[in-house]
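Notes follow the structure.
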Amino acid sequence: MKSEDKDTTNNAQKFSRRDWLTHTAKLGGAVGAALSGASIAKAATPEPLITEIQDWNRYMGDGVDARPYGLPSQFEHDVIRRDVSWLTADAKSSINFTPIHKLDGIITPNGVCFERHHSGIAEIEPSNHRLMVNGLVDKPLVFTMQDLERFPRESHVYFLECAANGGMEWRGAQLNGCQFTHGMIHNVMYTGIPLKYLLEEAGLKTNAKWLLPEGADPSHMTRSIPMEKAMNDCLVVFKMNGEALRPEQGYPLRLVVPGWEGNMWVKWLRRLEVGDKAWHHREETSKYTDLLADGSARRFTWTMDVKSVITNPSPQAPVLHGRGRTVLAGLAWSGHGKVKRVDVSIDGGRNWKPARVDGLTLSKSLHRFYYDFDWDGREMFMQSRAIDELGQVQPTKNALREARGENSIYHNNAIQTWHVKNDGVVENVEIS
Ligand SMILES: Nc1nc2c(c(=O)[nH]1)N[C@H]1C(S)=C(S)[C@@H](COP(=O)(O)O)O[C@H]1N2
Ligand SMILES: [Mo]
């Protein structure tokens with residue numbers, strides 16, 4: 001050691017970058033071996049990616065003005081929204097899915113938030129956008145975007161889940177990837193105005209019981225929302241993750257209905273009509289209603305119940321490193337509030353271990369969980385089970401089918417099983 005130190009000091013001028021890298025790599029290897037016998041990284045051997053000068057070490061890159069609005073690295077090109085072509089007839093009234101197997105933490109980046117539109121993306125210049133409040137109010141009002149910016153604002157992180165998330169999985173395991181089975185969800189920090197400030201500004205009549213928000217897109221998306229919810233935690237927002245809403249997410253204005261199904265979160269929001277009873281919506285009875293086994297319907301099931309999914313490993317994210325140290329990662333959420341606990345099983349639900357919920361635990365937001373373990377290399381049946389602050393437990397698929405029958409599409413919050421084979425390949429399966 002002593003002589004090496006001396007060499008370095010004496011010959012500093014002559015020491016090339018390559019020599020320096022070889023030198024420190026050797027030292028690093030020695031120190032690492034002394035600290036831990038079970039290092040994940042390989043013991044340092046002459047590694048060309050460390051010892052050889054690479055292009056990105058040698059040539060100067062783009063300057064600061066080359067990328068005025070930054071995009072992810074070119075090597076992340078597969079981290080994109082994807083659709084399932086056979087699901088809907090055309091892309092204007094369709095859906096795509098968030099690549100949740102490629103993300104981490106709890107925030108969904110704006111560019112990969114799944115999209116659901118009934119008649120395409122409305123492109124609205126903010127100076128031409130208006131929000132009207134009318135119906136059972138003392139004075140009907142029309143706001144410009146500038147007007148809205150003068151109300152007190154708040155920021156909150158909430159998940160939005162489409163009621164159809166997992167709908168294709170009711171009858172059995174269908175789609176090979178959590179992007180497709182669970183990707184009709186995103187979780188962003190919204191900034192906007194508590195809806196109650198706008199309703200109070202217009203003045204609610206005593207018989208004001210329901211709210212009908214309407215979108216400016218050709219679908220004239222409308223939904224009935226009970227006044228208690230509207231006055232409680234709904235927001236009229238213009239920012240997501242700090243920047244303007246993306247056109248796909250309703251630019252310049254959208255409604256946020258925390259914990260409730262996505263179809264009520266009206267995008268391109270242009271009107272709030274106040275009424276004394278619920279409006280009848282064609283979609284509400286034909287689509288966004290859960291049909292029960294006896295043919296009756298479960299209406300007004302707006303809250304998204306407790307749910308979770310393992311995002312890694314999963315079919316699009318196989319285990320490539322073989323046996324040994326393994327990180328299981330996943331997402332959990334509940335429209336009723338916070339997630340209290342997440343359990344994971346690697347043997348198809350026979351044994352459960354508590355997962356580690358990491359980072360922020362926010363109400364009606366995604367939660368991130370991890371389970372760090374040593375994989376013995378044998379096949380696994382991985383499951384996660386979330387429990388929310390109301391004590392509600394995520395059901396098995398069979399329990400859910402017993403309660404709702406086979407004909408449902410919406411509100412599938414069942415436990416998901418991934419079969420991890422001994423070669424690390426992962427498949428969507430059901431076990432009974
Ligand atoms: N104006 C309008 N709002 C809308 C829709 C729409 O088609 N038009 N789709 C709804 C549905 S069904 C869902 S699931 C969410 C999807 O929001 P996202 O596109 O931000 O993911 O928006 C809702 N709001
Ligand atoms: Mo939806």
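For ligands, and for the atoms within them, numbers begin at 1 and follow the listed sequence. Just the heavy atoms: all of them, side chains too, but no hydrogens, waters or symmetry mates, feed the values below. Nothing here was measured: the structure is a model prediction, and the numbers come from that model.
- A side chain to side chain donor-acceptor pair (under 3.5 Å) with Gln179 is found for exactly one of Gln316, Arg81, Lys102, namely Gln316.
- When every heavy atom of Met240 is checked against every heavy atom of Cys113, the shortest pair comes out as CE-SG, 3.9 Å.
- Taking a cut-off of under 4.0 Å to the non-hydrogen atoms of His186, the atoms of ligand 1 that pass are 18 (P), 20 (O), 21 (O).
- In summary, the side chains of Ser127 and Glu125 do present a donor paired with an acceptor at a separation below 3.5 Å, with no hydrogens or angles considered.
- At a 4.0 Å heavy-atom cut-off, ligand 1 touches Trp268 through the side chain alone.
- A perpendicular orientation is assigned to the rings of His182 and Trp418, their planes being inclined by more than 60° (bins at 30° and 60°).
- The two residues Val344 and Ser384 have their closest heavy-atom pair at CG1-CB, 4.2 Å.
- Evaluated by nearest non-hydrogen atom to atom 20 (O) of ligand 1, the leading choice among Arg246, Glu115, Arg254, Arg116 is Arg254.
- Closest approach of Arg223 to Pro213, counting heavy atoms only: O-CD, 2.6 Å.
- Of the polar atoms of Asp217, at least one N or O is found under 3.5 Å from an N or O of ligand 1, judged by distance alone.
- For ligand 1, the polar-atom distance check finds an N/O of His118 within less than 3.5 Å of one of the ligand's N/O atoms.
- The residue from Gly250, Cys162, Pro213 that puts a heavy atom closest to atom 14 (S) of ligand 1 is Cys162.
- Sorted pairs that involve residues 47-85 and meet ring pair (Phe, Tyr, Trp, His ring centres under 6.0 Å), not counting sequence neighbours, are lacking altogether.
- Under a 4.0 Å criterion applied to the non-hydrogen atoms of Phe114, ligand 1 contributes the atoms 18 (P), 19 (O), 21 (O).
- Listed by number with element, the atoms of ligand 1 under 4.0 Å from a non-hydrogen atom of Leu160 are 17 (O).
- Partner Gln383 forms a side-chain contact (heavy atoms from CB on, under 4.5 Å) with one of Asp343, Ile310, Thr417, Thr396 and no other, that one being Thr417.
- The backbone of Glu248, and not its side chain, has at least one atom closer than 4.0 Å to an atom of ligand 1 (non-hydrogen atoms only; backbone = N, CA, C, O).
- Near His117, with a cut-off below 4.0 Å to any heavy atom, the atoms of ligand 1 are 7 (O).
- Taking every heavy atom of Trp265 and a limit of under 4.0 angstrom, the matching atoms of ligand 1 come to 22 (O), 23 (C), 24 (N).
- Contacts with ligand 1 closer than 4.0 Å are made by heavy atoms of both the backbone and the side chain of Asn263.
- Near Ser219, meaning under 4.0 Å from any of its heavy atoms, are these atoms of ligand 1: 8 (N).
- Between Arg368 and Asp104 a salt bridge is recorded (basic side-chain N to carboxylate O distance below 4.0 Å).
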